[in-house]
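A short worksheet on the structure shown next.
Here is the naming used below: chain letters follow the sequence lines, and residue numbers restart at 1 for every chain.
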2 protein chains.
Amino acid sequence: MKRGVSQGGYSLREKIFQKLRQDILDGKYKAGDSLVEMKLAEEMGVSRTPVREAIRQLELERLVSSIPNKGVFVEGITRQDIEDIYAIRECMEGLAARWAIERMDEKSLRELENIYDLMEFYTTKGDLDQVGELNSQFHDIIFESTKSKPLMQILSDFQYYIENIRLASLKAPGRAMQSLIEHKAIVQAFKERDIAKGEKVLVEHISNSRLNVEKMPKA
Amino acid sequence: MKRGVSQGGYSLREKIFQKLRQDILDGKYKAGDSLVEMKLAEEMGVSRTPVREAIRQLELERLVSSIPNKGVFVEGITRQDIEDIYAIRECMEGLAARWAIERMDEKSLRELENIYDLMEFYTTKGDLDQVGELNSQFHDIIFESTKSKPLMQILSDFQYYIENIRLASLKAPGRAMQSLIEHKAIVQAFKERDIAKGEKVLVEHISNSRLNVEKMPKA
DNA sequence: ATTAACTATATTGTATACAATACAGAAATT
DNA sequence: AATTTCTGTATTGTATACAATATAGTTAAT
């Protein structure tokens with residue numbers, strides 16, 4: 001959980017970017033709020049320069065929008081955005097599965113298995129925050145195994161955007177166990193290098209996650 | 001064709017960003033080249049500040065990568081990236097068609113028809129640069145009609161990345177006319193608000209574009 | 001009272017100044 | 001000769017200074 005400006009990435013700008021992004025996704029800044037460089041800089045005890053650079057990056061991500069000489073305003077992620085992201089993932093994870101299975105090396109495969117084992121452990125233990133973290137790692141390994149820069153870029157950014165709601169939905173009754181079973185099927189298909197099966201179980205997993213999220217209260 | 005720093009967007013930073021991005025996509029800077037802030041600033045007759053901000057945005061797009069305290073290096077778009085982008089579009093444009101047909105208003109539909117008419121005109125006339133520009137507009141209207149921020153973001157960025165090769169492939173013998181016919185089918189399906197047909201013809205269009213690009217010389 | 005012009009202030013945009021870091025090449029040591 | 005340490009330089013990272021712009025509030029004109 002990266003917070004504050006004293007830990008995290010390397011440069012100030014990087015840390016500020018991470019923090020602002022997290023704050024926006026956490027709803028600490030709401031859509032329409034204006035971000036004033038000087039104010040943020042003072043709050044974090046830095047100059048405007050790294051704050052500006054972080055904002056420029058948020059702008060490219062469309063998490064904020066900037067009106068020249070006027071100010072920067074939070075866009076954030078809406079419920080609709082999240083639903084769209086799930087629909088998009090449902091389209092794309094089949095492709096991700098195929099490429100990953102074709103291109104994944106043994107090392108990544110073992111990593112995937114390790115993460116699955118840990119997920120099993122923490123699910124049994126009931127530590128769902130830990131499971132959520134492992135879940136992100138699990139899917140990141142798949143994304144990276146596709147060796148596709150464009151695909152990685154989309155899917156890992158999107159995964160980050162929906163992290164909060166994903167974690168919340170994991171806490172719905174029974175979902176953690178169901179999710180675990182789905183991940184097991186994914187690992188199995190990947191180990192067998194069975195592309196058809198891999199596409200099928202991964203897409204089903206996303207579809208189930210999506211249904212689960214859509215059942216969540218809209219708050 | 002946005003070039004130089006004297007025209008284009010609003011702020012210096014914006015103009016510099018556009019120019020650097022275009023130069024990278026045009027291959028003026030090649031993968032591995034290092035971008036030195038001071039050098040770029042002098043070339044464009046500005047200070048380092050707006051150059052830095054532009055670079056930070058390119059970094060987020062992964063068109064350059066930055067090693068702290070060391071430098072910024074061009075990543076660019078590889079042939080593999082372009083092929084991946086077509087594969088991704090083939091997955092996603094079906095969704096785009098569905099959403100666009102469901103949500104498109106009459107005004108956008110008429111715009112689409114207008115653009116098609118112009119495409120027809122310029123194709124007959126043989127002005128393929130103009131056709132290429134219209135092509136981008138055509139698909140942008142579809143993306144915007146989906147009213148989906150995540151989908152628009154992906155597809156319009158990707159469209160920009162492949163603009164050069166798309167234009168080149170349009171100049172392959174017979175491709176312009178074939179492409180025109182495909183666009184006509186798309187307009188037709190959209191006018192009829194026929195989702196199944198719209199998905200089919202749009203995905204086929206992408207698939208054909210992709211095959212056409214893959215036939216291109218790799219230079 | 002309404003509108004227009006002006007002024008003050010807040011904020012962003014850009015340039016410059018200073019600090020920290022990385023690296024290459026020279027000098028010193030073994 | 002090989003290795004280490006030093007030192008200078010180029011470059012990035014951050015802070016500050018200055019310029020331009022937008023907006024709100026006030027005054028002036030009708």
Side-chain angles (χ1 to χ4, degrees), chain A residues 2-21 23-24 29-76, chain B residues 2-21 23-24 29-76:
Chain A
K2 281 169 208 153
R3 283 289 149 64
V5 107
S6 41
Q7 74 274 24
Y10 186 90
S11 65
L12 266 181
R13 161 187 62 81
E14 179 69 17
K15 286 182 249 177
I16 293 168
F17 170 70
Q18 302 274 2
K19 174 173 161 44
L20 287 178
R21 187 159 82 145
D23 285 349
I24 291 172
Y29 301 111
K30 293 187 184 60
D33 285 1
S34 88
L35 296 182
V36 178
E37 292 169 10
M38 200 56 213
K39 204 163 146 253
L40 294 172
E42 273 170 12
E43 277 170 23
M44 305 192 215
V46 299
S47 79
R48 280 173 59 208
T49 308
V51 174
R52 272 185 73 84
E53 295 186 355
I55 286 178
R56 293 286 83 83
Q57 295 192 303
L58 293 170
E59 192 187 346
L60 201 78
E61 275 199 297
R62 305 199 180 41
L63 287 175
V64 305
S65 67
S66 158
I67 302 174
N69 287 308
K70 184 139 182 271
V72 172
F73 302 90
V74 174
E75 295 288 333
Chain B
K2 284 167 206 152
R3 283 287 151 64
V5 104
S6 40
Q7 72 275 28
Y10 186 89
S11 65
L12 266 181
R13 160 187 61 81
E14 178 69 17
K15 286 181 250 177
I16 294 167
F17 170 69
Q18 302 276 1
K19 173 172 161 49
L20 286 178
R21 187 160 82 145
D23 284 349
I24 291 172
Y29 301 111
K30 293 189 186 58
D33 284 2
S34 89
L35 297 182
V36 177
E37 292 169 10
M38 200 56 213
K39 204 161 145 256
L40 295 171
E42 272 170 12
E43 277 170 22
M44 306 193 215
V46 299
S47 80
R48 278 174 58 208
T49 307
V51 174
R52 272 184 74 83
E53 295 186 355
I55 286 178
R56 293 285 83 82
Q57 296 192 303
L58 294 170
E59 192 187 347
L60 200 79
E61 276 200 298
R62 315 236 206 332
L63 286 176
V64 305
S65 68
S66 157
I67 301 174
N69 288 308
K70 186 139 183 269
V72 172
F73 303 90
V74 175
E75 293 287 334

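Rounding to whole angstrom units, CZ of residue Arg52(B) and P of dA15(C) are separated by 14 Å. Between Leu12(B) atom CG and dA19(D) atom P there is a gap of 16 Å when expressed in whole angstrom units. Put simply, CE on Met44(B) is 15 Å from C1' on dT14(C), counting in whole angstrom units. Here dT14(D) presents its C1' atom at 12 Å from CZ of Arg56(B), a figure rounded to the nearest Å. Put simply, NZ on Lys70(A) is 17 Å from C1' on dA20(D), counting in whole angstrom units. Rounding to whole angstrom units, CD of residue Glu37(A) and P of dT16(D) are separated by 15 Å. Between Met38(A) atom CE and dT12(C) atom P there is a gap of 10 Å when expressed in whole angstrom units. Here the P atom of nucleotide dT23(D) and the CD1 atom of Ile67(A) are 9 Å apart, to the nearest Å.
With respect to the salt-bridge test (charged N to carboxylate O, under 4.0 angstrom), the residues Glu59(A) and Arg56(A) qualify.
Residue contacts shown for Ile55(A) are absent, as no nucleic acid heavy atom lies under 4.0 Å away.
Candidate nucleotides dG13(C), dT14(C), dA22(C) were compared by shortest atom distance to the side chain of Asn69(A), and dG13(C) ranks first. When each of dT12(C), dG13(D), dT14(C) is scored by its nearest atom to the side-chain atoms of Glu53(B), the top-ranked nucleotide is dT14(C). When the nucleotides dT12(D), dT16(D), dT16(C) are ranked by their closest atom to the side chain of Ser47(A), dT16(D) comes out on top. Checking dA15(D), dT21(C), dG13(C) against the side-chain heavy atoms of Ser11(B) singles out dG13(C) as nearest.
Distance check, rounded to the nearest 0.5 Å: CG of Leu58(A) to CD1 of Ile16(A) gives 10.5 Å.
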Item to complete: Check the pair Val64(B), Tyr29(B) against side chain to side chain contact (heavy atoms under 4.5 Å, CB included), reporting the backbone distance first and the verdict last.
Response: CA-CA 10 Å; Val64(B) 305; Tyr29(B) 301 111; over 6 Å; no

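In this structure, Arg13(A) and Arg48(A) both approach DNA chain D, and ranking their closest nucleotides by distance from the 5' end singles out Arg13(A).
Defined by atom type and a distance below 3.5 Å, a donor-acceptor pair is present between the side-chain atoms of Gln18(A) and Glu14(A).
For the salt bridge (charged side-chain N to carboxylate O under 4.0 Å, His left out) with Arg48(B), the lone residue among Glu37(B), Glu42(B), Glu43(B) that qualifies is Glu37(B).
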